[in-house]
2 protein chains.
Amino acid sequence: MKRSYLLYGVVAGVLLVVLQAVQYKTMIRDMRLELYAGVIAILFMIIGVVVGLQFVKRKSTNAVDSTKANQLNLSERELEVLHLLADGYSNQEIADKLFVSLNTIKTHISKLYQKLNVSRRTQAVQKARDLAILIPPKG
Amino acid sequence: MKRSYLLYGVVAGVLLVVLQAVQYKTMIRDMRLELYAGVIAILFMIIGVVVGLQFVKRKSTNAVDSTKANQLNLSERELEVLHLLADGYSNQEIADKLFVSLNTIKTHISKLYQKLNVSRRTQAVQKARDLAILIPPKG
DNA sequence: AAATCACTCATACTTTCGGGTGATTTCACT
DNA sequence: AGTGAAATCACCCGAAAGTATGAGTGATTT
């Protein structure tokens, strides 16, 4: 989560810098301010849409009851992984989403299984629901 | 949908004009281009987020449709397998429980995935819940 | 009788999972 | 300063899952 925000910030900054550079180099005479503003607006609107989609995706799926999670000593990262696991993502997809390697995800999931006392991902999801760690979106 | 796009376009245009007006009136000397670009970027990123939220909201509300479960034409056997699947059983365990071969279960699951338009068992469970094919235990 | 469908099973193949082990780094606690 | 938990990543290996294709049987429909 924290990484996501950081990423978006970095992307935003880089884009601004790039726009500046481009502007000073070649377009300062040809490009009017309106057009410049328009380009920025469109770019960041696209970014905003992406951010918004990411945001809602997490909220619209499974919620996490962090209180009960703490009783099992599940770490934050493990909860994140569990969340994505329950959403049906593969290990590789989870790795991509969290910007870590596949091996790391495997480790997280392995520990998750130990703490939940299961040996398969479907069981993990099942158990997490039973323990109200994962709360379905609706009813 | 088309109206939405039009609306956003209009809003974007109006905002641009407003920004222009403000810029020419009071800020042309004080405000540097970087800051100006930054303001536009932030504003439109916010707009983008809002757009993104709207977008997903509609999709997620349409997702739950009890009639869709029937339209999928899931056979009895496939439903049986789906239930056991959701309970966290492995293919081999499902095969044993239903007194058929592992390959048969694979075939059933394969067709199940096609009908549910998924490619993994966790996704199948997730989707089945969304479509109210699977009803979570307890309440 | 022919066509269709659900169910069954098989072979062969690729991909993903999960277990085991070990290592490094960071950070909080004492 | 040492301890321990958490997070990161790596390598190996076997098991499970999933894909593709084909095929046989019984029941139902046309």
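Just so you know, these numbers use all the heavy atoms, side chains as well, and skip hydrogens, waters and symmetry mates. Lettering of chains follows the sequences in order, A, B, ..., and the numbering in each one begins at 1.
We find that NZ of Lys106(B) is positioned 10 Å from P of dT19(D), with the value rounded to whole Å. Rounding to whole angstrom units, CG of residue Asn103(B) and P of dC7(C) are separated by 17 Å. With rounding to whole Å, Leu74(B) atom CG is found 15 Å from dC5(C) atom C1'. Between Tyr113(B) atom OH and dT15(C) atom P the separation is 17 Å, expressed in whole Å. One atom, CG of Leu79(B), and another, P of dA6(C), lie 12 Å apart when rounded to the nearest Å. What separates CD1 of Ile109(A) from C1' of dA7(D) is a distance of 15 Å, to the nearest Å. Atom P of nucleotide dT19(D) and atom CD of Gln114(B) are separated by 8 Å, given to the nearest angstrom. If you take CD of Gln123(B) and P of dA17(D), they are 16 Å apart, rounded to a whole angstrom.
Arg120(A) has its side chain within reach of Glu93(B): a pair of non-hydrogen atoms, C-beta onward, lies under 4.5 Å apart. Two residues are said to be in side-chain contact when any heavy atoms from C-beta on lie closer than 4.5 Å; Leu98(B) and Leu84(B) meet this criterion.
Among the heavy atoms of the strands lying under 4.0 Å from Thr104(A) is at least one base atom, whether or not backbone atoms are also near. Residue-level contact check: Ser119(A) touches the backbone only, with heavy atoms under 4.0 Å from sugar-phosphate atoms and none from bases. Within 4.0 Å of Lys111(A), counting heavy atoms only, lies no atom of the nucleic acid at all. Using a 4.0 Å heavy-atom criterion, one finds that Asn91(A) contacts the sugar-phosphate atoms exclusively.
Contact annotation: Thr107(A) side-chain N/O to dC9(D) OP1/OP2 distance is not under 4.0 Å. Note on Arg121(A): a side-chain N or O is less than 4.0 Å away from OP1 or OP2 of dG18(C). Contact annotation: Arg77(B) reaches the phosphate of dT8(C) (side-chain N/O to OP1 or OP2, under 4.0 Å).
If you check dT30(D) for Watson-Crick or wobble pairing at under 3.5 angstrom, you find it paired to dA1(C).
The two residues Asn73(B) and Glu78(B) make their nearest non-hydrogen contact at O-OE1, 4.1 Å. Between Gly88(A) and Thr122(B) the shortest heavy-atom distance is CA-OG1, 3.3 Å.
Mapping Ser90(B) and Leu102(A) onto DNA chain D via the closest heavy atom, the residue that lands nearer the 5' end is Leu102(A). Of the two residues near DNA chain C, His108(B) and Val118(A), the one whose nearest nucleotide lies more 5' is His108(B).
For the residue pair Asp130(A) / Gln126(A), no side-chain donor-acceptor distance below 3.5 Å is found, with atom types taken as modelled.
Of the candidates dT8(C), dA6(D), dG18(C), dA6(D) carries the atom nearest the Ser75(A) side chain, counting heavy atoms from C-beta on. Closest approach to the Ser101(B) side chain among dC9(C), dC9(D), dT19(D) is made by dC9(C) (side chain taken as heavy atoms from C-beta onward).
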